[in-house]
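Everything below concerns the one structure shown next.
Positions are given from 1 along the sequence. One-based numbering, in listed order, for ligands and for the atoms of each.
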Amino acid sequence: MNVKDIISLASLSAAEIYEILETARNLKLELNAGVKHEMLYGKTLAMIFQKPSLRTRVSFETGMTQLGGHAIYLGPEDIKLGERETTEDIAIVLSGYVDGIMARVFEHQTILDLAKYASVPVINGLSNLLHPCQILGDLLTIWEKKRELSGLTLTFIGDGNNVAHSLINGCTKVGIAFRIACPGGYEPDEAVVGAAQQAGGSVEILHDPEEAASRADILYTDVWTSMGQETQTEEKKHAFSGFSVDEALLKVANNGALVMHCLPAHYGEEITYEASRSTGSVIFDQAQNRLHAQKAVLALLMS
Ligand code: CP
Ligand code: NVA
């Protein structure tokens, strides 16, 4: 793969996305067969978190261990990114110690600055704008369950947020048509949508969940209030009322439609507990596939 960093799936070609997915599939098969890897022996990943995390933190740290390397967790109180010293200085100093940096940040510019000033690979573990590692695990899950990617339709019910943006980038690269049903005023970023459409991707913005779910192969949702937006919780609960994945909406989608959620979930808001446990639900496969997709990214960027 001919890239230094993974900041946005929009910067990868379809071939590079498939290279990650194929590597992930092989690493998963090998892990399940008990094959041990040492491809990152002696290498260290710094993991910077400005926000909380279960999946991203544990899957990256475990992934490094399984590839023979080591990860260091730097939480919000440890380095105080952007407060105690500049992002530029942190990137330069860390590059003198470690072989890769993964960061979960508020401002997307912070991850761009880390990548600009670090001489080692930088991986976006979620910013207010994007969440590319989530979507790599999701594409692996869809590929395993549906045996194909191109030609499918994925409908996102909810906020035009970081997960929706990376879904737009990732789905359109591999030929999945993307649709969103969101309340007016909560549409995805125009620049993200425009770039995907200009590159030939299919992106539709709708405001009626049933219309959007009709003939969908995948129903995907995420929390109404993302990390950092807590002051908007009440306003968003009101605006998003009715924008939920429930069993009635599942009936509108295609037979055998997958139900997806990046987690954490707020049951009774964007998804009912029943829909999350329905036959088509792959929410825990997605969570597990974060490990395999990220190991592929680590191996391709750092070995
Ligand atoms: N989906 C996801 O990124 O989960 P965490 O916030 O727990 O890392
Ligand atoms: N949109 C959510 C995703 C969490 C994984 C957030 O940013 O909080």
Side-chain angles (χ1 to χ4, degrees), residues 6-9 24 45 47-64 71 73-76 101-111 123-142 154 156-171 178 180-183 186-189 192 220-233 235-237 239-240 243-245 258-267 269-271 276 281-295 297-298:
I6 303 279
I7 305 297
S8 166
L9 299 182
L45 177 74
M47 309 192 299
I48 302 173
F49 282 89
Q50 287 188 318
K51 301 176 179 179
S53 168
L54 168 65
R55 281 144 289 270
T56 306
R57 190 241 161 121
V58 179
S59 55
F60 266 106
E61 190 163 337
T62 305
M64 282 302 292
Y73 172 75
L74 299 166
I101 300 168
M102 187 277 291
R104 166 165 288 191
V105 299
F106 286 99
E107 298 307 321
H108 188 67
Q109 188 59 44
T110 305
I111 195 93
I123 301 166
N124 182 358
L126 181 148
S127 67
N128 286 352
L129 186 69
L130 299 172
H131 195 4
C133 293
Q134 176 65 49
I135 278 54
L136 291 172
D138 296 342
L139 291 177
L140 178 62
T141 308
I142 299 169
L154 181 147
F156 185 94
I157 305 290
D159 190 22
N161 64 13
N162 44 10
V163 170
H165 293 152
S166 283
L167 278 169
I168 291 172
N169 291 336
C171 287
F178 177 91
I180 184 171
C182 59
Y186 294 97
E187 289 84 3
D189 184 84
V192 172
Y220 197 123
T221 189
D222 182 17
V223 290
W224 294 336
T225 302
S226 286
M227 291 179 279
Q229 300 179 332
E230 288 75 12
T231 56
Q232 298 170 42
T233 304
E235 165 196 328
K236 287 191 124 183
K237 266 190 192 167
F240 283 85
F243 287 81
S244 306
V245 173
L258 301 181
V259 174
M260 300 185 77
H261 193 310
C262 57
L263 302 178
H266 290 169
Y267 297 118
E269 293 187 9
E270 76 278 359
I271 190 166
S276 79
S281 173
V282 294
I283 61 175
F284 296 115
D285 301 86
Q286 290 173 261
Q288 215 233 352
N289 277 336
R290 293 287 303 276
L291 172 69
H292 310 298
Q294 287 160 192
K295 279 170 73 181
V297 167
L298 293 167

Are any non-hydrogen side-chain atoms of [X] and [Y] less than 4.5 angstrom apart?
X	Y	result
M102	T56	yes
F240	E269	no
R104	F60	no
L154	D138	no
I168	D189	no
H266	T225	no

**OP:** Give me the one residue out of H108, Q229, K51 that meets side-chain hydrogen bond (donor to acceptor under 3.5 Å, both in side chains) with N128.
**Re:** K51
Subject >> R57 and ligand 1 - part of the residue with a heavy-atom distance under 4.0 Å >> reply: neither
**OP:** Give the contacting part of K51 toward ligand 1: side chain, backbone, both or neither, where contact means a heavy-atom distance below 4.0 Å.
**Re:** neither
Original post:
What do you reckon, are the aromatic ring centroids of F243 and Y186 less than 6.0 Å apart?
Top reply: no
Closest non-hydrogen protein atom to [atom], residue and atom name please, with distance?
atom	answer
atom 8 (O) of ligand 2	M227 N, 2.8 Å
atom 2 (C) of ligand 1	R290 NH1, 3.3 Å
atom 4 (O) of ligand 1	R55 NE, 2.8 Å

N/O to N/O below 3.5 Å, does that happen between [X] and ligand 1?
X	result
P52	no
M227	no
R104	yes
L126	no

Please could you name the atoms of ligand 1 that [X] approaches to less than 4.0 Å, counting only its heavy atoms?
X	result
H131	2 (C), 3 (O)
L54	5 (P), 7 (O), 8 (O)
C262	1 (N)

Subject >> Spacing of F156 atom CZ and H165 atom NE2 [to the nearest 0.5 Å] >> reply: 9.0 Å
Should you measure from each heavy atom of [X], which atoms of ligand 2 turn up under 4.0 Å away?
X	value
D222	1 (N), 2 (C), 3 (C)
L263	5 (C)
S226	1 (N), 2 (C), 6 (C), 7 (O), 8 (O)
N162	1 (N), 2 (C), 6 (C), 7 (O)

Original post:
Around atom CD of E107, are there more than 12 heavy atoms of other residues, nucleotides or ligands at under 6.0 Å?
Top reply: no
